[in-house]
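Okay, structure first, notes after.
Since the structure is predicted, the reported quantities are computational estimates derived from the model, not experimental observations. Chain letters run A, B, ... following the sequence lines, proteins first and then strands; every chain starts at 1.
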Protein chains: 2
Amino acid sequence: MERKIPQATAKRLPLYYRFLNNLQHQGKSRVSSKELSLAVKVDSATIRRDFSYFGALGKKGYGYNVEYLLGFFRKTLNQDELTNVAIIGVGNLGTAFLHYNFLKNNNTKIVMAFDADPKKVGQDVEGVPIYPIDNLEEKLKDVRVAILTIPASEAQGVTERLVKAGIEGILNFTPARISVPNYVRVHHIDLAIELQSLVYFMNHYPLPDKEEI
Amino acid sequence: MERKIPQATAKRLPLYYRFLNNLQHQGKSRVSSKELSLAVKVDSATIRRDFSYFGALGKKGYGYNVEYLLGFFRKTLNQDELTNVAIIGVGNLGTAFLHYNFLKNNNTKIVMAFDADPKKVGQDVEGVPIYPIDNLEEKLKDVRVAILTIPASEAQGVTERLVKAGIEGILNFTPARISVPNYVRVHHIDLAIELQSLVYFMNHYPLPDKEEI
DNA sequence: ATCCTTTTGTGAAAAGAATCACGACTTCTA
DNA sequence: TAGAAGTCGTGATTCTTTTCACAAAAGGAT
């Protein structure tokens, strides 16, 4: 529980982790903050600063040892412990997640899904069982994280049931801003807003004048 | 092109817009920054500051007039002009977007999709035609924005074709960090990273001690 | 009319994040 | 072995964003 890692840094850690994995698969054994910067599109000084919160992980004049860094992040990101995840709502988006292979390079596993539609219940997508949403409380035993892909109108109600069932983290894909007790963490991903905000930036902001093909 | 709206503010605008719409549908004619704060979960001082970049939109002791504010944002967010969008890659995620009704409360419309699979090409999902990906350059005429939902390995190659075809904004759902010329804007949404970072925050950060049911 | 309550808009302060710039150390080359 | 080149780690700086806190204005009540 090392406090003091800035949130901005924490958000970049999984990104670094994935690219280091790529590097290792490519057989590279060392990497500089400059190379990494090119790959992940984050300023090299920022990368060095990010890493430095965890101590001196690199060597001057050499860079970072890929394997060592990877091992370090594996521990830091809890890659050894698997986090079980449930999908709530097997619509188009929910189905997309069921097919998404989170396990690769990741410490999370989708272990069950729920839906209100009796036609979907009982099926099995990619080995993941779909349960009736009425059984939420009963089935959610070893699951701490839920991905919410249901209609916005259901969001708050279902959220309250999730919380009672012991969920501690919610990835909310509905447009609703849900309320939760303070021990539950919610991340919002609002697809319509992302699209709209991209368009706004295109229309109103002179481009930052960086990157090239 | 009013420069000087902070990016953080710009990202919240579509959110405000949507909630104001909700309020209007509920028949409310006035709203205070405090009420709005409760609904969108953004500090009320931040909301007032955000609004203030556009001038004095409210009245002291009263709050904001919903209709007036809405009209103002409609103009600011370009709600009157429709932005055409193309989906690149009709897999599970791409299909989910095709079914997603962006038009409601939104100034964007999905007008076409592309896929490499001959079995998908020629079909029509929710009135949106699916073209072969080879025809990208030919078909993308009045489209400025693309949503990228293809395998990561294809991302950079297809991106370069999109850019040549005149695309100016890309919503990238692949894990690849794509390179583009500086006049093209890219927003990354990396689902695996979002999930991983939620787990990291759950494990490492004492909860911020706010919100309640 | 008067007073009380509500609520904005914004200076000023604080917090958070990115970037600059350079000393120190390492590796590489000859 | 010596000199050149490369790269980290980090103080200091700058930039961005959030939050505090309060004067000024408006509405509402009696």
Side-chain angles (χ1 to χ4, degrees), chain A residues 2-13 15-16 20 23 28-69 72-73 197 200-201 204-206 208-211, chain B residues 2-13 15-16 20 23 28-66 68-69 72-73 188 197 200-201 204-206 208-211:
Chain A
E2 342 74 7
R3 235 7 288 277
K4 79 182 160 310
I5 307 294
Q7 298 219 0
T9 295
K11 282 205 203 124
R12 284 187 291 263
L13 294 183
L15 184 62
Y16 296 147
L20 289 169
L23 286 179
K28 301 217 16 160
S29 68
R30 66 183 266 192
V31 66
S32 70
S33 60
K34 213 167 156 194
E35 286 175 85
L36 209 46
S37 167
L38 232 60
V40 300
K41 311 266 197 278
V42 171
D43 186 272
S44 66
T46 301
I47 293 181
R48 291 199 300 281
R49 173 81 60 194
D50 282 348
F51 287 1
S52 80
Y53 291 116
F54 299 99
L57 302 176
K59 264 214 203 89
K60 310 192 175 191
Y62 172 89
Y64 300 90
N65 179 293
V66 173
E67 188 152 332
Y68 176 74
L69 209 51
F72 187 86
F73 278 128
S197 119
Y200 181 84
F201 278 103
H204 293 78
Y205 285 79
D209 193 24
K210 281 192 177 169
E211 3 188 41
Chain B
E2 343 76 7
R3 235 4 288 280
K4 84 186 157 308
I5 307 293
Q7 299 219 359
T9 296
K11 282 206 203 123
R12 285 186 291 262
L13 294 183
L15 183 62
Y16 296 147
L20 288 170
L23 286 179
K28 302 220 12 164
S29 67
R30 68 182 266 195
V31 65
S32 70
S33 60
K34 213 168 156 193
E35 287 175 84
L36 209 46
S37 167
L38 232 60
V40 301
K41 310 270 195 294
V42 171
D43 186 89
S44 66
T46 301
I47 293 180
R48 291 201 299 282
R49 174 80 59 192
D50 283 347
F51 287 1
S52 79
Y53 291 115
F54 300 99
L57 303 175
K59 264 214 203 87
K60 308 192 175 194
Y62 173 89
Y64 301 89
N65 178 293
V66 172
Y68 176 75
L69 209 51
F72 187 86
F73 278 128
H188 289 276
S197 120
Y200 182 84
F201 278 102
H204 293 78
Y205 285 79
D209 194 22
K210 282 193 178 171
E211 6 188 40

*Can you tell if the side chain of Y200(A) reaches within under 4.5 Å of the side chain of K11(B), non-hydrogen atoms only?*
no
*Using atom NZ of K41(A) as one end and atom P of dT19(C) as the other, report the distance to the nearest whole Å.*
15 Å
*Given atom CG of L69(A) and atom C1' of dG9(D), what is their separation to the nearest angstrom?*
14 Å
*Take atom OH of Y53(B) and atom P of dG9(C), then tell me their distance rounded to the nearest Å.*
13 Å
_Nearest-0.5 Å distance that lies between atom CD1 in I47(B) and atom CZ in R12(B)_ = 8.5 Å
*Using a heavy-atom cut-off of under 4.0 Å over every strand shown, decide if F51(A) touches base, sugar-phosphate, or nothing.*
nothing
*Starting from P on dT6(C), measure out to OH on Y64(B) and report it in whole angstrom.*
17 Å
_For atom CG of D50(A) and atom P of dG16(C), their distance in whole Å_ = 16 Å
_Quick check: closest heavy atoms across S37(A) and S44(A), and the distance to 0.1 Å?_
OG-N, 3.6 Å
*Could you state the CG-P distance from L57(A) to dT10(D), rounded to the nearest angstrom?*
10 Å
*Determine: side-chain N/O of S44(A) to OP1/OP2 of dT7(D), distance under 4.0 Å, yes or no.*
no
*Could you state the interatomic distance from NZ (K34(A)) to CZ (R48(A)), rounded to the nearest 0.5 Å?*
10.0 Å
_Please classify the nucleic acid contact of S33(A) as base, sugar-phosphate, or nothing, using heavy-atom distances under 4.0 Å._
sugar-phosphate
*For every nucleotide of nucleotides 20-30 of chain D, 5' to 3': is a protein heavy atom under 4.0 Å from its base (B), only from its sugar-phosphate (S), or from neither (-)?*
BB--BBB-S--
*asked:* So, using ring pair (Phe, Tyr, Trp, His ring centres under 6.0 Å) as the criterion, who are the partners of F51(A) when residues are at least two apart?
replied: Y16(A), Y64(A), F73(A)
_Tell me the interatomic distance from I47(A), atom CD1, to dC20(C), atom P, rounded to whole angstroms._
14 Å
*Judged by atom type as modelled, is there a donor-acceptor pair below 3.5 Å linking the side chain of R30(B) to the main-chain atoms of Y62(B)?*
yes
*Could you give the CG-to-C1' distance, from L36(B) to dT7(C), as a whole number of Å?*
13 Å
_Rounded distance [0.5 Å steps], CG in L69(B) versus CG in L36(B)_ = 8.0 Å
